[in-house]
There are 2 protein chains.
Amino acid sequence: MTDCSQNCGGRYSYGLAATLSIIAGKWKPLILYFLLDGPKRYGELKRNVHGVSAKVLIQQLKELEADRVLARTDYKEVPPRVDYALTPLGRSLADRIVPLCTWGTENMAEMVSILAERDRLL
Amino acid sequence: MTDCSQNCGGRYSYGLAATLSIIAGKWKPLILYFLLDGPKRYGELKRNVHGVSAKVLIQQLKELEADRVLARTDYKEVPPRVDYALTPLGRSLADRIVPLCTWGTENMAEMVSILAERDRLL
DNA sequence: CTGTATCCAAAGGGATACTG
DNA sequence: CAGTATCCCTTTGGATACAG
């Protein structure tokens, strides 16, 4: 989505399109949110972001790193130890994701109902 | 993502997983954001959400409707006139999306640089 | 422990043409 | 105007095995 020419009735959503191009990816918002808790090692991410595979995790981490929202630190130890942390830019982004989590939590009853209805229709 | 068992180091992200399951879809956040401007007709959405195809637009609208975040009104006229509006639930969700747009706008210079770098690597 | 490499399946999305 | 229907293709992500 390099084309950010989104115009929403006077509201310009260039910014939204740009943001979406960064957090697009099944696990990226969860990763960013998790890292608000502090730097985490690869294994910690793997265990806590339930369902993600090794391949996809490392892939999304690399993309987030390339997009400058997180930084990878290799401690050059044996056995290997690396961790991933939010950059200042990444932290400011993750802060904007928190309201999404809050919304889901606040409306959990409705969410459960919606997801149940979705399953029912299958 | 019916499995919302996401646990982020003490931070529970059930809520985030739930929210993501609602806004997952290439154009959904843009649609929700656009509708903050007020109810819109199908054609308006089609013209303003740049790049979306007729098929995918109607598909995502139906899903958002089924998920109770927007309501469709058919005015039973000829030629046909229908519009889509945020429900109260949908409005509260769209409100949480605004910060994402703001973030992209605030960091637009960085965004441009990041997207340019991404293209360069192709 | 932190990844890589390979192969594969499915979902999601897009183009085009058509309808009430 | 507001969709539908069909076909097709790319992207995304998942499983498994292996490596430094």
**Student:** Within the structure shown, what part of the strands sits under 4.0 Å from Y84(A) by heavy-atom distance: base, sugar-phosphate, or nothing?
**Tutor:**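 Since only primed, P, OP1 and OP2 atoms lie under 4.0 Å of Y84(A), the category is sugar-phosphate.
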
**Student:** Is a donor from one side chain sitting under 3.5 angstrom from an acceptor on the other, for S113(A) and R68(B)?
**Tutor:**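 On atom types as modelled, these side chains qualify, holding a pair under 3.5 Å.
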
**Student:** Just how far, in rounded Å, is P of dA15(C) from CG of L57(B)?
**Tutor:**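 Going from L57(B) (CG) to dA15(C) (P), I get 14 Å.
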
**Student:** Rounded to whole angstrom units, what separation is found between the CG atom of D74(A) and the C1' atom of dG3(C)?
**Tutor:**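 Atom CG in D74(A) sits about 11 Å away from atom C1' in dG3(C).
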
**Student:** Take atom NZ of K40(A) and atom C1' of dG3(C), then tell me their distance rounded to the nearest Å.
**Tutor:**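 Rounded to the whole Å, the gap is 20 Å.
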
**Student:** If I take atom NZ in residue K55(B) and atom C1' in nucleotide dG12(C), what distance separates them, rounded to the nearest angstrom?
**Tutor:**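 Result: 8 Å.
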
**Student:** Testing the 3.5 Å rule here: is there a donor-acceptor pair between the side chains of Y42(B) and D83(B)?
**Tutor:**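 Result is no, nothing qualifies.
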
**Student:** Rounding to a whole Å, what distance do you find between I58(A):CD1 and dT16(D):C1'?
**Tutor:**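 Roughly 17 Å, once rounded to whole Å.
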
**Student:** Please determine if a side-chain N or O atom of R81(B) lies less than 4.0 Å away from the OP1 or OP2 oxygen of dA2(D).
**Tutor:**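 No, because none of the side-chain N or O atoms of R81(B) sits under 4.0 Å from OP1 or OP2 of dA2(D).
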
**Student:** Given L86(A), which partner from the list L35(A), D95(A), V69(A) fulfils the side-chain contact (heavy atoms from CB on, under 4.5 Å) test?
**Tutor:**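 Single side-chain contact (heavy atoms from CB on, under 4.5 Å) partner of L86(A) among L35(A), D95(A), V69(A): L35(A).
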
**Student:** When you look at Y14(A) and T105(B), which way does the side chain to side chain contact (heavy atoms under 4.5 Å, CB included) test go after all the steps?
**Tutor:** CA-CA 7 Å; Y14(A) 290 71; T105(B) 304; 5.9 Å; no

**Student:** Pick base, sugar-phosphate or nothing for Q60(A), based on heavy-atom distances below 4.0 Å to the nucleic acid.
**Tutor:**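 It contacts sugar-phosphate atoms only.
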
**Student:** Hey, does the side chain of R72(B) come within less than 4.0 Å of dG3(D)'s phosphate (OP1/OP2), counting only N and O?
**Tutor:**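 Result: yes.
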
**Student:** Between K28(A) and dT12(D), does any side-chain N or O lie under 4.0 Å from OP1 or OP2?
**Tutor:**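 No, K28(A) has no side-chain N/O under 4.0 Å of OP1/OP2 on dT12(D).
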
**Student:** P80(A) has a side chain; which of dG3(C), dG20(D), dA2(D) sits nearest to it?
**Tutor:**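 Of the options given, the side chain of P80(A) lies nearest dG20(D).
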
**Student:** Of all the choices, dG3(D), dG3(C), dG14(C), which nucleotide is nearest to the side chain of Y42(A) once you look at every atom?
**Tutor:**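 The listed nucleotide nearest to Y42(A)'s side chain is dG3(C).
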
**Student:** Nearest to the side chain of Q59(A) - dG3(C), dC1(D), dG13(D)?
**Tutor:**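 The answer is dG13(D), which lies nearest to the side chain.
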
